[in-house]
Amino acid sequence: MNPLSSPVAWSAQMITPAADIGSAPLFRRELALATGHGAVESAVLHVTALGVFEAAINGRPVGPDVLSPGWSSYEWRLRYRSYDVGHLLTSRSVITATVGNGWYRGRLAFAGTRAFYGQQLGLLAQLEITYADGHRELVVTDESWTASGSDSIADDLYDGQIIDARRRAPGWYVVGSYPGSEWALPARVMDFDTSRLAPYIGPPTTRQEALHAVKVWTSPSGRTLVDFGQNLVGWLRFTVRGSRGSEIRVRHAEVLEDDELGVRPLRDAQATDRFILSGEDDFFEPTKTFHGFRYVEVTGWPGELRADDLEAVVVHSELERTGHFACSNELLNQLHHNVVWGTKGNFLDLPTDCPQRNERLGWTGDIAVFAPSAAFLFDVKDFLADWLADLKLEQRHQDGMVPFVVPDVLKYLPPPPDFPDPDSTAVWSDAAVWVPWALYQAYGDPDVLAVQYESMAAHVRRAASLTSDTGLWDTGFQFGDWLDPDASPDQPANAKADKGVVATACLYRSASLLAEVATLLGHADDATAFGALASRTRDAFNAHYVADDSTILSDCTTVYALAIVFGLLDAEAEVAAGRRLRDLVAKSGHRISTGFAGTPFVHDALTRTGHLADAYALLLQTECPSWLYMVTMGATTIWERWDSMLPDGSINPGEMTSFNHYAFGSIADWMHRTIGGLAPAEPGYARVLVAPRPGGDLTWADTRLETPHGTVRVSWRLTDDRLTVETELPPGVTGVLCTPGSQDVELQHGRHVHTRQLE
Ligand code: BGC
């Protein structure tokens, strides 16, 4: 049995410093290997914390991860990490671990609240050593450990970290050189129920790459600014030498405004790191915080700051990049790049809305719509399964309700005035169904459906219980088509789309998906019940929202897009809805007129109803609001608002103005399937639908995906009126090539080239 992944019999206790220490505590314990039992066969260290930890043996990190154990619904599930540490142990060793506030005791959400989960930081570690003769030894956290202050004298995910290099003592990491009274503080055992401990399902968070500064300059007000050329998430690292006690201060921001750091979008997140110099060569890396930034402002640097003095470390969950897309339009390529970086920045342990301001929460709606794109770009199977485990737990403790955010810290805050009692809401709560479904489509593994089934069903039942007598979901609070560009900046929920239409359409989608899932899993009675709910909901939708001339209540782009893509309309009505949708899209000058709910579906609706040219015109638009508007304004990630930056370069006055929100990046899914022509014909790409639909000014596209079966590639070139499609399928995978005006062609594995005359 692999000791790294086998279940742990916990003897360790959660420990905390006996008295409050004004900084991140450094826990320490020395140990000597047993003699007379032969060599160490295996040594595994299991660690977790109430806070975020970094553990080392003899000063060497036990693993590459940072910010572990990440953020889970700590009330019921605290994850631990397991490290193979045999190579780090010597006859006498010292184990150390620092613990920062992280998500456990730091600030979370927008109300300025900290310590949602507890006032005391804790460390729990269990080292299991097995010797050649089978002798086993345990070293566990208990009262034999000591605690002292570390060099990290303040840390917060939103506000930043302060590191004082003068406090560093080499003796911390060296056996026997006990640095005296500082270490006198004993550790105290806390009350802690180890049944909450669980292994990670998803990957750890690690440093992914380092970017160099592209420019250093002095701002109009005389500040030193640095540009890293890419909006990213992580921190700076550098080595510096300066006078003892002097301080370097680094402020972070995603954008500039009036040629200075634009920090207003951060709201009250300070995003400021401070470094106090020892007078020697000091290496600094603030690993107990993270920032969303492209620019930094550096104060107090000794001498002149040069671009190669600093590195920006990109930090996110360890995800394999699986999907690639390129085409002849450079603006679209930049848009795609921005979606990729939006994923990186917001997949730091959990899928977040944004990584920079005082929020960074697992907003369910954002990932509900973005999951299909993310699941193509990266292998997010385990990453999202881990988050779904928390979603299920939160639901279990809230009567099936899927909260706005997971882990749900908002439940601890009084709801804002004029805000109704929170309940399930369309799109957001539909994450319970849409995210597992997206994972199943991408990876073909029904396990995720089986594991999440209880949660999926509980969501649909709860949503159904919220419908009124008409069968419409037109009660309670809804975010609706959040961030419709026609809503004023301070009224983001004030969309054109009727909220009941949006919610009822979503209920129909979730109920029908669930009926399919129930059939797949062999839950015949549920399949019938959810199927009946779906058809009741569809009938109610048509009876109350669709007029005789096929106009849908509130008559705007979003309602037609949802009705068409979710399959709410009969054939004739769908044709009419497609025409109306096309007219509305054209009437808006092929500018965006939709928010979170509608945007992900407009392109599919236009394509499905035969209005591809309009889909391209909408995508290739560069005037505000549009995807390429962001690109032409220099965006390197996807913005929260279509106009997070206004055409005059000023920042949108709305109080939610992130420059790194992936929700509108959901267009990438359509780009992969429809421009690229690479879509699953069966879940997990056991069979591939190769159906590129060239349009706009595009002359070629190359799309590649590492599927569970191997690499699939689809490339096409347009020369004169001839379309050449090249396909590569791995062994065991079949496909079907569908191009406009030609017969479908069956594809077997291998490389195929087909040329077609286009009309
Ligand atoms: C978040 C969103 C989220 C929304 C819901 C915002 O503050 O950033 O992305 O889905 O609230 O209301």
Side-chain angles (χ1 to χ4, degrees), residues 107-113 157-158 231 233 254 264-269 292 339 342-343 345-348 350-371 373-374 387 391 394 401-411 413 415-416 418-432 434-435 476-485 487-495 497 499 502-503 506 558 594-600 637-644 651-666:
R107 220 141 73 78
L108 285 178
F110 25 73
T113 319
L157 298 181
Y158 294 175
N231 194 19
V233 175
E254 298 186 292
R264 191 168 50 76
L266 306 179
R267 300 199 296 226
D268 76 348
V339 180
T343 317
N346 283 297
F347 278 42
L348 195 162
L350 70 157
T352 54
D353 57 335
C354 59
Q356 72 299 79
R357 67 177 179 227
N358 56 357
E359 198 147 355
R360 315 183 195 188
L361 305 175
W363 279 98
T364 46
D366 304 45
I367 191 63
V369 296
F370 187 62
S373 301
W387 179 78
L391 182 140
E394 296 285 356
M401 180 192 109
V402 178
F404 301 159
V405 297
V406 171
D408 186 13
V409 282
L410 300 184
K411 64 178 180 262
L413 294 175
D418 72 354
F419 208 77
D421 280 347
D423 209 321
S424 288
T425 47
V427 182
W428 275 254
S429 302
D430 286 307
W434 298 4
V435 174
F477 168 77
Q478 294 288 348
F479 290 111
D481 197 21
W482 184 253
L483 284 176
D484 176 329
S488 68
D490 59 337
Q491 298 279 314
N494 213 355
K499 291 194 165 66
V502 171
C506 290
T558 289
T594 48
F596 269 35
T599 302
T637 39
I638 300 291
W639 297 349
E640 177 172 24
R641 294 174 182 273
W642 296 110
D643 56 353
S644 281
I651 297 171
N652 188 303
E655 67 135 29
M656 296 176 338
T657 305
S658 140
F659 289 86
N660 198 355
H661 245 68
Y662 50 56
F664 291 143
S666 54

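For ligands, and for the atoms within them, numbers begin at 1 and follow the listed sequence.
Residue-ligand proximity, Glu640 to ligand 1, at heavy-atom distances under 4.0 Å covers atoms 8 (O). Near Asp366, meaning under 4.0 Å from any of its heavy atoms, are these atoms of ligand 1: 2 (C), 3 (C), 9 (O), 10 (O). Counting atoms of ligand 1 from 1 in the listed order, those under 4.0 Å from a heavy atom of Met656 are 6 (C), 7 (O). Per-residue contacts place His661 under 4.0 angstrom from the following atoms of ligand 1 (heavy atoms of the residue considered): 1 (C), 2 (C), 8 (O), 9 (O).
The aromatic rings of Trp363 and Phe110 lie parallel to each other, their planes meeting at an angle below 30°, with 60° marking the opposite boundary.
Protein heavy atom closest to atom 6 (C) of ligand 1, with residue, atom name and distance, is Glu359 OE2, 3.4 Å. Ranking protein heavy atoms by distance to atom 1 (C) of ligand 1, first place goes to Asp353 OD2, 3.3 Å. From the protein, the heavy atom lying nearest to atom 5 (C) of ligand 1 is Trp363 CZ3, 3.4 Å.
No side-chain heavy atom of Cys354 sits less than 4.5 Å from a side-chain heavy atom of Asn660.
Listed here is the closest heavy atom pair of Val435 and Ala368: CG2-CA, 4.0 Å. Of all heavy-atom pairs spanning Cys506 and Asp430, the tightest one is CB-OD2, 3.1 Å.
At least one heavy atom of Phe596 sits under 4.0 Å from some atom of ligand 1. Put simply, part of Trp428 is less than 4.0 Å from ligand 1, judged by heavy atoms. Judged by the shortest distance from any of its heavy atoms, Arg357 lies inside the 4.0 Å radius around the atoms of ligand 1.
Contacts between Trp482 and ligand 1 below 4.0 angstrom, taking non-hydrogen atoms only, involve the side chain exclusively. In Phe479, the part holding a heavy atom less than 4.0 Å from any atom of ligand 1 is the side chain.
For the 3.5 Å distance criterion, the side chains of Thr599 and Thr594 qualify, holding a donor opposite an acceptor. In this model, a donor atom of one side chain and an acceptor atom of the other lie less than 3.5 Å apart for Thr352 and Asn346.
No donor-acceptor pair under 3.5 Å is formed between the side chain of Arg641 and the backbone N or O of Gly654.
Of the candidates Phe596, Trp639, Phe370, Phe596 is the only one forming a ring pair (Phe, Tyr, Trp, His ring centres under 6.0 Å) with Phe664.
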